[in-house]
Amino acid sequence: MKHSIKRVLSAFLALLLLCVSFAPAAAAAEEEYPIVYIYGMGSGLVDKDGNSIAAADVDKDYIVNAVKDVLKQIPIDPNGNWDKYCDALYNCFSPIYDTIRLDKNGEASDGSHSDFVWRKEWLRRKTSNFNAEDYNFYYDWRVDPFVSAAELSKYIDAVREVTGKSKVTLVGRCLGSCIVTAYLQMTENVQDKVKNVIFYAPSVGGIGLLGALFSGQVTIDEKSLDRFINSYTDRTALFEDSALEALVVSAVSLARYLKVLGFGTDVIQGIYDRVFENLVPRLALTSYGSFPSFWSMIGTEYYESARDFVFKGKEDEYAKMIEKTDHFYYSVTARLPQLIDELSQKGVEFSYLAKYNFDLIPVFEGSDVQSDSLVELSTLSAGATSEKMGSFLSEKYIAAAKENGTDKYISADKLVDASTCRFPDRTWFFKNLDHSTMPDCVDPLIEKISRGNGDFTVWSDEMWPQYVTYDSETETFSPTVVEGDDFRSPPKDFISAIFRFFTSFFRYLAAAFEKMKNK
């Protein structure tokens, strides 16, 4: 009997110890972290008296008058003096930003600021069922990211106190990713306050278009321009008359093969090459170049050349501004992979939500890559591999991936390989979702990542695989992608171009005739 009791007690004790040993792990797996969502340029601005301010609206009449004023100043001799042309363009452009421009120190000396106001007592006390935007943090999107990050630090501490949670999940969207990384860099023992970081269409690491514009490295490629026009108009209607639009687009493609489009881009490029040194720094400093935050979105390929170009001859005048932009670049951008690796090793979990299958505006070298229409896919995903727009990963590449076991990371449409990402198992891709569109249907994924404590990956839920397709009409996702890039591509040769043009031409005539008949 005693032996039986001992055996029962021993078994009970062993079971109790087993339960106790598993309890912390189970609790950790079920813990929910408050989600602090840091927006991009989402906050309104107000002046010192609290009145809303913004860049001036530019209507059609303003543009028409500005074009007239500028065209009058084009010199008859292309090799002549273009200073009056530059002055006219600057005078048309500068007033647009009068109310929101920062001073030469990169500060709002006029008292303007974000309209976002928060207090700890206003924060809702929630200890369960956090959703992706439970705690929204806004900021003055013009100023030094480290200034915004200091305020974010106070906000995070308040959320932790109100909810009773030791850690939070941070979601950094677009420019918000720069604020998040500034916070991560400046905060000691940040792993004690932050469990998850989700970069949602992040711009930290650099926007090629912004870097090219700020550094004056603008170049127009006719082939990329043709593809951009075809793809863009297939997604967004430029004319109410679809037949007319198809005719115009086909005419652009035909013009490329007839070398007419190239002649036009050469003329524009020639004018730009004559004026950019006089004009670009002035335009930058009167608008977005006066915002330290925008400098934080310039990557390693462009930053130093852009800084030296824009501030050339004005280094003393803009010394404090340069100090701010240098601080972010050298402490965050230039060492971003190292910063993330260090924090990852300390227990901070990183995930990326990237978008793809969009063309960039083709005004800089390297614009023919996969993107979300603003940021290159390699930046959005921390390293994904893809071919140029209109091209697919080769069969040779895919065969090599099968040999080394990484083919599971290749999208079914053969456009993206996630195996080269910094966190391939925690990087999701949204096909046909552009940079500025942020649908609510992404929120459930953000919640799952936050609650997964680093264990939720692209393999955890069949409804949230690595690649999904966005449907803009229903504003929903489908957990699959299909082969192809889905949108209209330019004709591949002259015969195709001329065939498409005449097909569009006769369809336009038929549509016009039908309208006349119905009248």
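For the pair R307 and Y329, the cation-pi criterion (under 6.0 Å, within 45° of the ring axis) is not fulfilled. A cation-pi arrangement is absent between R173 and Y39 under the rule of less than 6.0 angstrom and at most 45 degrees off the ring axis.
Panel note: side chain S496, backbone K492; no donor-acceptor pair is recorded below 3.5 Å. Listed for the K414 side chain is no donor-acceptor partner under 3.5 Å among the backbone atoms of L393. Put simply, the side chain of S293 gets close to the backbone of W141: a donor and an acceptor are under 3.5 Å apart. Side-chain atoms of S153 do not come within 3.5 Å of backbone N or O of A149 as any donor-acceptor pair. Under a 3.5 Å cut-off, the side chain of Y139 and the backbone N or O of P145 do not form any donor-acceptor pair. For the pair D226 (side chain) and E222 (backbone), a donor-acceptor distance under 3.5 Å is absent. Judged by distance alone, with hydrogens and angles left aside, the side-chain atoms of T427 form a donor-acceptor pair with the main-chain N or O of F423 at under 3.5 Å. Listed for the R507 side chain is no donor-acceptor partner under 3.5 Å among the backbone atoms of F502. The backbone N or O of G208 sits less than 3.5 Å from a side-chain atom of E376, completing a donor-acceptor pair. Listed for the Q185 side chain is no donor-acceptor partner under 3.5 Å among the backbone atoms of Y183.
Taking all atoms of both residues into account, the shortest heavy-atom contact from C174 to G40 is CB-CA, 4.4 Å. Here the closest non-hydrogen pair linking V481 and D413 is CG2-N, 3.8 Å. Considering every non-hydrogen atom in both K355 and D434, the closest pair reads NZ-O, 2.9 Å. Here the closest heavy-atom approach between residue V46 and residue S114 is recorded as CG2-O, 4.2 Å. Closest approach of S177 and V204 over heavy atoms only: OG-N, 3.1 Å. Heavy-atom minimum distance, F430 versus L353: CE1-CB, 3.7 Å.
Using cut-offs of 30° and 60° for the angle between ring planes, the Y97 and F93 rings count as tilted. Using a 30° and 60° split on the angle between ring planes, F309 and F276 fall in the tilted class, from 30° to 60°. Taking the six-membered ring for Trp and thresholds of 30 and 60 degrees, F505 and F501 have nearly parallel ring planes, at less than 30 degrees apart. Between F199 and Y352, the ring planes lie tilted relative to each other; the angle falls in the 30° to 60° range.
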- For S224 and S367, what are the C-alpha separation, side-chain angles and deciding distance, and is it a side chain to side chain donor-acceptor pair (under 3.5 Å)? CA-CA 8 Å; S224 296; S367 63; 4.6 Å; no

- Dump the intermediate steps for side chain to side chain donor-acceptor pair (under 3.5 Å) on R274 and N81, then the final yes or no. CA-CA 9 Å; R274 289 183 175 91; N81 190 328; over 6 Å; no

- Kindly determine whether Y397 and D417 satisfy side chain to side chain donor-acceptor pair (under 3.5 Å), including the steps that lead there. CA-CA 10 Å; Y397 183 96; D417 177 11; 2.5 Å; yes

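Other residues, nucleotides and ligands contribute at most 12 non-hydrogen atoms within 6.0 Å of the OH atom of Y508. No more than 12 heavy atoms of other residues, nucleotides or ligands sit less than 6.0 Å from atom CD of E240. Heavy atoms of other residues, nucleotides or ligands lying less than 6.0 angstrom from OH of Y272 number more than 12. Around CG of N79, the count of heavy atoms belonging to other residues, nucleotides or ligands within 6.0 Å exceeds 12. A 6.0 Å sphere centred on OH of Y288 holds no more than 12 heavy atoms belonging to other residues, nucleotides or ligands. Within 6.0 Å of atom CZ in F499, 12 or fewer heavy atoms from other residues, nucleotides or ligands are found, so the atom counts as exposed in its surroundings.
The existence of a salt bridge linking D368 and K223 is excluded, since no basic side-chain nitrogen approaches an acidic carboxylate oxygen closer than 4.0 Å. Ion pairing of K324 with E107 is present here, as a side-chain N (NZ or NE/NH1/NH2) and a carboxylate O approach within less than 4.0 Å. Salt bridge present: D140 and R142 bring a charged side-chain N and a carboxylate O closer than 4.0 Å. The existence of a salt bridge linking D103 and K320 is excluded, since no basic side-chain nitrogen approaches an acidic carboxylate oxygen closer than 4.0 Å.
Partner N230 forms a side-chain hydrogen bond (donor to acceptor under 3.5 Å, both in side chains) with one of S253, S250, S489 and no other, that one being S253. When T265, D273, D266 are each tested for a side-chain hydrogen bond (donor to acceptor under 3.5 Å, both in side chains) with Q269, only one passes: D273. Exactly one residue among L360, V252, T233, D359 makes a side-chain contact (heavy atoms from CB on, under 4.5 Å) with F228. That residue is D359.
Inter-residue side-chain proximity for F429 and L380 is flagged as unmet; no heavy-atom pair is nearer than 4.5 Å. Under the 4.5 Å side-chain criterion, counting only non-hydrogen atoms from C-beta, D47 is not in contact with T99. Side-chain contact check for K431 versus T469: some heavy-atom pair is nearer than 4.5 Å. Put simply, the side chain of F328 does not reach to within 4.5 Å of the side chain of P292, judged on heavy atoms. Considering only heavy atoms from C-beta on, T333 stays 4.5 Å or farther from I298 through its side chain.
Donor-acceptor pairing under 3.5 Å is lacking for the side chains of Y318 and E323. Side chain to side chain, S94 and R282 fail the donor-acceptor criterion of an N or O pair below 3.5 Å. Under 3.5 Å, the side chains of Y303 and D326 contain a donor-acceptor pair of N or O atoms. Side-chain atoms of Q217 and S215 form a donor-acceptor pair, as typed in the model, at a separation below 3.5 Å. Residues W82 and Q73 have side chains that never bring a donor and an acceptor to within less than 3.5 angstrom of each other.
Every residue two or more places apart in sequence or in another chain was checked for a side chain to side chain donor-acceptor pair (under 3.5 Å) with S52, and none qualifies.
A distance below 6.0 Å separates the ring centres of W295 and F311. Ring centroids of Y467 and W428 are separated by 6.0 Å or more, keeping the two rings apart.
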